[in-house]
Amino acid sequence: MSLDMEGVAGIVDWDQCRPGSPGYALGCALLQDEVNAAIEGAIAGGATEVVLNDSHSRMANLDPRRIAGEAKYLSGRHKPMYMMQGLDETVHAAFFVGYHGSISGEASAMSHTYNPEVFSGARLNGLPVGESGINALVADHYGVPIAFVSGDEVTWEETAPFAQGAVNVVTKQSITRASALNLHPSESCRLIRAGAEEAVRRVAAGEVALPRVQRPAVLDLDVQTADMADVATWARGAERTGTREVRIEGEDLLSVFRSFVAVNYITRQAGGR
């Protein structure tokens, strides 16, 4: 389970997502409840092991003592595989919990693509994508279906091409990038629990397709400034294709993703971080 925060029901403001902010404790509590619901549902559906990859901000947003089902917890910054750390060929299904829309797509609460200070758009083989589409590179490389997705309606629209047969739970209807009509947290957790159970059953029945990313994969990135585009080329496999455009291309989907992660980290310096 790769877990983010912005797609959780009730979360609509950066104050709820940033460590040290007044609303952060509530954001973490809402996230923990939805993650636990997904764990409980997956186990009810037949999952024998659950690994959580905390993928938001500093990547340590859960109280480990409160994690359901004795799930393993991958936490902490600077993971080589970032939001997909822990995924390999031994995994049977990938869950995207609390995901959100892309920076360049339709209005989605707190939308961004990895780092909003750097990336203003991304396309995979010409298709506009957000974090879910980029992360699909890793799932496809290892032959793991994306079986469950929770977040707003834009999140599902952007993930659906890579998750045929997956279960989707819409936790909120985004109105703007700063507002949404949210499900009650109890209802969101109920739907997530039921959806996660169904997702595991679908995987066991062979009803969820692999992402099927066309090879060679071409990942085009739009960045905020020319400086960032220049710095991005310091990462292996990244080439500048325009003033603020960068391309990563290759037959090996994992290598494309690794190069993207390198670009994501290294361009933070050009953004002053």
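Keep in mind that this is a model prediction, so the values were computed, not measured. We use all heavy atoms of the structure for the numbers below, so side chains are in, but hydrogens, waters and symmetry mates are not.
Residues Met84 and Val256 share a single hydrophobic cluster, defined by chaining ILVMFWY side chains whose heavy atoms lie under 4.5 Å apart. Hydrophobic clustering (ILVMFWY, side-chain heavy atoms < 4.5 Å, transitive): Val203 and Val91 are in distinct clusters.
With Lys172 contributing its side chain and Val8 its backbone, the two residues share a donor-acceptor pair below 3.5 Å. Listed for the Gln16 side chain is a donor-acceptor partner under 3.5 Å among the backbone atoms of Asp13.
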Legend entry - Check against salt bridge (Lys or Arg N to Asp or Glu O under 4.0 Å), Arg215 and Glu251: CA-CA 5 Å; Arg215 294 165 172 83; Glu251 291 281 348; 5.5 Å; no

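Between Trp14 and Met110, the closest heavy-atom pair is CH2-O, 3.4 Å.
Gln164 CD: 12 or fewer foreign heavy atoms inside a 6.0 Å radius.
For residues 20-74, the set of pairs meeting the ring-ring contact (aromatic ring centres under 6.0 Å, His included) definition, not counting sequence neighbours, is empty. Sorted pairs that involve residues 235-244 and meet side-chain hydrogen bond (donor to acceptor under 3.5 Å, both in side chains), not counting sequence neighbours, are lacking altogether.
Under a 4.0 Å N-O distance rule, the pair Asp54/Lys79 does not qualify as a salt bridge. Using a 4.0 Å cut-off between charged side-chain N and carboxylate O, Arg123 and Asp222 make a salt bridge. By the 4.0 Å N-to-carboxylate-O rule, Glu207 lies too far from Arg201 to be salt-bridged with it.
In this structure, the side chains of Met81 and Phe257 come closer than 4.5 Å at one or more pairs of heavy atoms. With contacts defined as side-chain heavy-atom distances shorter than 4.5 Å, the pair Ser108/Ser102 does not qualify.
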Please table the atom pairs, donor to acceptor, closer than 3.5 Å between any side-chain atom in residues 128-140 and protein atoms at least two apart or in another chain.
{"from": "Glu131", "atom 1": "OE1", "to": "His100", "atom 2": "NE2", "distance (Å)": "3.0"}
{"from": "Glu131", "atom 1": "OE2", "to": "His112", "atom 2": "NE2", "distance (Å)": "3.4"}
{"from": "Glu131", "atom 1": "OE2", "to": "Tyr114", "atom 2": "N", "distance (Å)": "2.7"}
{"from": "Ser132", "atom 1": "OG", "to": "Thr159", "atom 2": "OG1", "distance (Å)": "2.8"}
{"from": "Asn135", "atom 1": "OD1", "to": "Tyr114", "atom 2": "OH", "distance (Å)": "2.6"}
{"from": "Asn135", "atom 1": "ND2", "to": "Tyr99", "atom 2": "OH", "distance (Å)": "3.1"}
{"from": "Asn135", "atom 1": "ND2", "to": "Glu131", "atom 2": "O", "distance (Å)": "3.2"}
{"from": "Asp140", "atom 1": "OD2", "to": "Arg212", "atom 2": "N", "distance (Å)": "3.3"}
{"from": "Asp140", "atom 1": "OD2", "to": "Val213", "atom 2": "N", "distance (Å)": "2.6"}

